Amino acid sequence: MSDEIYRRIQGICLKLPEAAERETWEVQTFRVRDKIFAIYGLRSGGPSVTCKAPAGTQQILVGSDPQRFYVPPYVGLKGWIGIHLDPAADWAEIESLVTRSYRMTAPKKLLALLP
């Protein structure tokens with residue numbers, strides 16, 4: 001794992017209310033109240049993050065930039081998106097996608113704590 005990229009994803013995820021990190025299936029998962037909202041791991045030899053997305057978003061993102069976005073195994077059938085990461089990635093966009101995934105997962109009481 002790229003330490004710099006991993007630390008960036010970790011920072012994005014763990015700043016969200018009650019977010020926690022746990023290794024599962026030999027990858028790092030980020031959870032809120034034990035429900036996964038993001039998964040960090042390696043895909044095709046490079047770092048990636050997988051997260052939930054609203055209906056239709058997966059097709060739009062993968063269709064617009066298949067070099068950067070992909071349909072992840074297992075959870076892709078449920079609309080999750082995969083994002084290939086590198087140091088030059090659009091980190092504001094990645095933070096937005098991960099935060100949206102968190103919003104789709106967290107209980108309403110925790111959502112009220114977000115800006």
Side-chain angles (χ1 to χ4, degrees):
M1 284 191 270
S2 167
D3 288 342
E4 175 190 349
I5 292 172
Y6 168 68
R7 282 192 304 272
R8 287 191 85 162
I9 289 295
Q10 185 182 48
I12 290 168
C13 293
L14 294 182
K15 76 178 183 181
L16 298 166
E18 291 189 29
E21 181 177 3
R22 183 174 7 169
E23 185 176 323
T24 307
W25 312 300
E26 299 180 7
V27 295
Q28 295 306 118
T29 63
F30 296 91
R31 302 163 181 257
V32 57
R33 297 208 178 154
D34 212 35
K35 293 182 181 176
I36 297 172
F37 67 91
I39 302 169
Y40 176 85
L42 298 177
R43 174 156 173 91
S44 302
S48 68
V49 67
T50 304
C51 57
K52 290 181 180 181
T57 302
Q58 181 193 78
Q59 295 85 355
I60 292 168
L61 292 175
V62 173
S64 70
D65 192 350
Q67 297 298 323
R68 192 165 40 131
F69 299 103
Y70 64 93
V71 177
Y74 310 110
V75 293
L77 295 173
K78 296 180 181 180
W80 286 51
I81 56 167
I83 310 160
H84 295 289
L85 303 172
D86 63 56
D90 182 345
W91 288 98
E93 178 183 46
I94 292 165
E95 183 169 4
S96 174
L97 292 168
V98 169
T99 301
R100 184 167 42 182
S101 180
Y102 174 89
R103 287 180 182 277
M104 294 175 68
T105 309
K108 289 180 184 179
K109 288 182 180 182
L110 293 181
L111 296 180
L113 300 174
L114 292 174

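A quick note: this is a predicted structure, and the numbers were derived from the prediction, not measured.
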Is [Y] reachable from [X] through a run of hydrophobic residues whose side-chain heavy atoms are each under 4.5 Å from the next?
| X | Y | result |
| --- | --- | --- |
| Leu14 | Ile94 | yes |
| Leu113 | Val32 | yes |
| Ile12 | Leu114 | yes |

Qualifying residues under salt bridge (charged side-chain N to carboxylate O under 4.0 Å, His left out), relative to [X], sequence neighbours excluded:
| X | value |
| --- | --- |
| Lys15 | Glu95 |
| Glu93 | Arg68 |
| Arg103 | none |

* To do: With sequence neighbours excluded, tell me which residues meet side chain to side chain donor-acceptor pair (under 3.5 Å) with Glu18.
  =>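 Residues passing side chain to side chain donor-acceptor pair (under 3.5 Å) with Glu18: Arg33.
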* Could I get the full list of side chain to side chain donor-acceptor pair (under 3.5 Å) partners for Thr99, not counting sequence neighbours? =>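 Thr99 satisfies side chain to side chain donor-acceptor pair (under 3.5 Å) with no residue once adjacent residues are dropped.
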* **Which atom of Cys13 lies closest to which atom of Ala19, heavy atoms considered** =>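 Nearest heavy atoms, Cys13 then Ala19: O-CB, 3.1 Å.
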* Asked: Which pairs pass side chain to side chain donor-acceptor pair (under 3.5 Å) with one or both residues in residues 104-115, sequence neighbours excluded?
  ->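 Residue pairs passing side chain to side chain donor-acceptor pair (under 3.5 Å), neighbours aside: Lys52-Thr105.
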Would you please name every residue forming a side chain to side chain contact (heavy atoms under 4.5 Å, CB included) with [X], sequence neighbours left out?
| X | result |
| --- | --- |
| Arg31 | Arg22, Thr24, Thr29, Asp34, Ile36 |
| Ile60 | none |
| Ala20 | none |
| Pro54 | Thr57, Arg100, Met104 |

[X] vs [Y] side-chain heavy atoms within contact, under 4.5 Å:
| X | Y | result |
| --- | --- | --- |
| Phe37 | Val98 | yes |
| Tyr6 | Val49 | no |
| Tyr102 | Pro17 | yes |

* Asked: Is the CD atom of Glu26 crowded by more than 12 outside heavy atoms at less than 6.0 Å?
  ->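 Count not over threshold, so no.
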* Which residues satisfy the ring pair (Phe, Tyr, Trp, His ring centres under 6.0 Å) test with Phe30, sequence neighbours excluded? ->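 Once residues adjacent in sequence are excluded, Phe30 has no partner under the ring pair (Phe, Tyr, Trp, His ring centres under 6.0 Å) criterion.
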* Distance in Å, Leu110 CG paired with Leu16 CG, rounded so as to fall on 0.5 Å steps ->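 Going from the CG atom of Leu110 to the CG atom of Leu16 covers 10.0 Å.
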* For the pair Leu61 and Leu97, evaluate side chain to side chain contact (heavy atoms under 4.5 Å, CB included) and give the outcome as yes or no after the intermediate values. => CA-CA 11 Å; Leu61 292 175; Leu97 292 168; 4.1 Å; yes
Residues 69-85, side-chain donor-acceptor partners within the protein, below 3.5 Å, at least two apart:
residue, atom, partner, partner atom, Å
Tyr70, OH, Ser48, OG, 3.0

